[in-house]
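In what follows, a structure is listed as C-alpha cells, so that the remarks can point back to it.
Treat the numbers as computed from the prediction; the structure is a model and nothing was measured.
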Amino acid sequence: MVLSTTTDQKFMQAAVTEAEIAKDLGEVPIGAVIVFDGEIIGRGHNLRETSNDPTTHAEMVAIRQAAEHIGHWRLLDCTLYVTLEPCVMCMGAIILARVPRLVYACRDPKAGAVGSIYDFAQDERFNHKVEVTEGVLGAECSQLLSGFFKELRAGKKSQKTL
C-alpha cells in the first residue's frame, strides 16, 4: 500500500462527484475517474440499473472513456480513482488495461477483489501488478454508500406498509 497525497484526495473527490451522480439516478453511488498526466481522461459512475447492463460499473465506464481518449487499450501511466474497492470484473479490466496504479476509498467485504475476498492486484499469476492506495476519503465514501442503502431499505419498508 502507498500513502495518499493531496493530489489523491483531489481526484478522489472527483470520483465522489461521479458517485453522487449515480445516486441521483437511483444507482448504487460508486464513481471513478482515470487520470493521466494530471488530467482526468475518463469518468464513470454506476449505470447498471439505467442501462440494464451488468458491465457498466463505474470503473468499466471510466476505462472505456480513457481508452477512447488515449486511442489505445493500454492505460499506461494512468491512475484509477474509485470510491469502492473494485470487484473481480473490474480488477480484471484494470489488469488487462495495464493500469499501473489504483486508489480506492473503502473496502467491499462482499465483492472486493483487492484484498477483501481476493487480491488480484498482487496475484503473482498475472503478468501485470497494480500499485494500490486504499482509504482515500474512505469515511466519506463509506457513509455515502451506507446512507444510500439505508434510504433504499426505508423506501422498501414503507412500500410494504402501504
Side-chain angles (χ1 to χ4, degrees), residues 1-50 54-66 75 77-123 126 128-155:
M1 295 283 163
V2 177
L3 296 176
S4 70
T5 65
T6 54
T7 300
D8 287 342
Q9 291 173 5
K10 173 183 128 179
F11 289 121
M12 185 60 76
Q13 189 58 56
V16 170
T17 299
E18 291 295 319
E20 290 167 345
I21 293 169
K23 181 182 176 191
D24 291 344
L25 293 171
E27 299 275 354
V28 176
I30 301 170
V33 297
I34 297 182
V35 175
F36 174 74
D37 205 20
E39 175 190 347
I40 295 174
I41 62 167
R43 295 177 179 274
H45 50 270
N46 267 8
L47 289 169
R48 291 186 314 172
E49 301 298 327
T50 305
T55 69
T56 53
H57 288 200
E59 301 95 310
M60 301 295 283
V61 174
I63 286 169
R64 286 181 189 118
Q65 193 177 100
L75 299 180
D77 301 319
C78 292
T79 300
L80 171 64
Y81 294 84
V82 62
T83 58
L84 183 68
E85 176 183 5
C87 69
V88 170
M89 174 183 67
C90 293
M91 273 310 294
I94 291 164
I95 290 165
L96 292 172
R98 308 296 194 267
V99 175
R101 182 163 183 252
L102 166 68
V103 180
Y104 72 91
C106 56
R107 287 194 168 231
D108 183 351
K110 294 183 179 179
V114 191
S116 290
I117 295 178
Y118 303 102
D119 192 354
F120 282 18
Q122 297 306 313
D123 192 316
F126 292 118
H128 176 71
K129 303 290 176 282
V130 180
E131 179 184 296
V132 177
T133 302
E134 175 187 349
V136 178
L137 302 183
E140 179 180 345
C141 293
S142 182
Q143 179 58 43
L144 182 62
L145 283 160
S146 60
F148 172 81
F149 287 113
K150 184 177 179 180
E151 288 176 22
L152 191 64
R153 286 189 299 273

Side-chain contact test, heavy atoms from C-beta onward, threshold under 4.5 Å: evaluate it for Arg153 versus Lys150 and give yes or no. yes
State, with a plain yes or no, whether a side-chain heavy atom of Gln65 is found less than 4.5 Å away from one of Ile41.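 Answer no - side chains too far apart.
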Indicate the atoms forming the closest heavy-atom contact of [X] with [Y], along with that distance.
X      : Y      : value
Val16  : Glu140 : CG1-OE2, 3.4 Å
Val88  : Ala113 : N-CB, 3.6 Å
Leu144 : Ala19  : CD2-CB, 3.7 Å
Arg101 : Asp8   : NH2-OD2, 2.7 Å
Ile34  : Ala66  : CD1-CB, 3.8 Å
Gly138 : Cys106 : O-CB, 3.9 Å

Restricting to pairs with a member in residues 6-32, which pass ring-ring contact (aromatic ring centres under 6.0 Å, His included), not counting sequence neighbours?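 Qualifying pairs: Phe11-Tyr81.
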Roughly how far, to the nearest 0.5 Å, is [atom2] of [Y] from [atom1] of [X]?
X      : Y      : atom1 : atom2 : answer
Cys141 : Arg107 : SG    : CZ    : 15.0 Å
Leu96  : Leu75  : CG    : CG    : 11.0 Å
Met12  : Thr17  : CE    : OG1   : 11.5 Å
Met91  : Ile95  : CE    : CD1   : 4.5 Å
Leu137 : Lys10  : CG    : NZ    : 13.5 Å

Side chain Ser146, main chain Ser142, donor-acceptor under 3.5 Å: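 Looks like yes, one N/O pair under 3.5 Å.
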Give me each pair satisfying salt bridge (Lys or Arg N to Asp or Glu O under 4.0 Å) with a member in residues 13-22, each pair once, sequence neighbours excluded. Glu18-Arg43
Strictly by salt bridge (Lys or Arg N to Asp or Glu O under 4.0 Å), give each pair with a member in residues 112-123 just once, sequence neighbours left out. Asp123-Arg125
Dump the intermediate steps for side-chain contact (heavy atoms from CB on, under 4.5 Å) on Glu134 and Glu85, then the final yes or no. CA-CA 8 Å; Glu134 175 187 349; Glu85 176 183 5; over 6 Å; no
So, using side chain to side chain donor-acceptor pair (under 3.5 Å) as the criterion, who are the partners of Thr56 when residues are at least two apart? Ser51
Please list, chain by chain and in numerical order, all residues satisfying ring pair (Phe, Tyr, Trp, His ring centres under 6.0 Å) with Tyr118, sequence neighbours excluded.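 Partners of Tyr118 under the ring pair (Phe, Tyr, Trp, His ring centres under 6.0 Å) test: Phe120.
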Could you walk me through whether Phe149 and Leu152 pass the side-chain contact (heavy atoms from CB on, under 4.5 Å) test, one step at a time? CA-CA 5 Å; Phe149 287 113; Leu152 191 64; 4.1 Å; yes
Which pairs would a plain distance check flag for residues 21-31, meaning a side-chain donor or acceptor within less than 3.5 Å of a matching protein atom at least two apart in sequence or in another chain?
from: Glu27; atom 1: OE1; to: Arg48; atom 2: N; distance (Å): 3.2
from: Glu27; atom 1: OE1; to: Glu49; atom 2: N; distance (Å): 3.0
from: Glu27; atom 1: OE2; to: Glu49; atom 2: N; distance (Å): 3.0
from: Glu27; atom 1: OE2; to: Thr50; atom 2: N; distance (Å): 2.5
from: Glu27; atom 1: OE2; to: Thr50; atom 2: OG1; distance (Å): 2.6

Out of Leu84, Leu102, Leu80, which one pairs with Glu59 under the side chain to side chain contact (heavy atoms under 4.5 Å, CB included) rule? Leu80
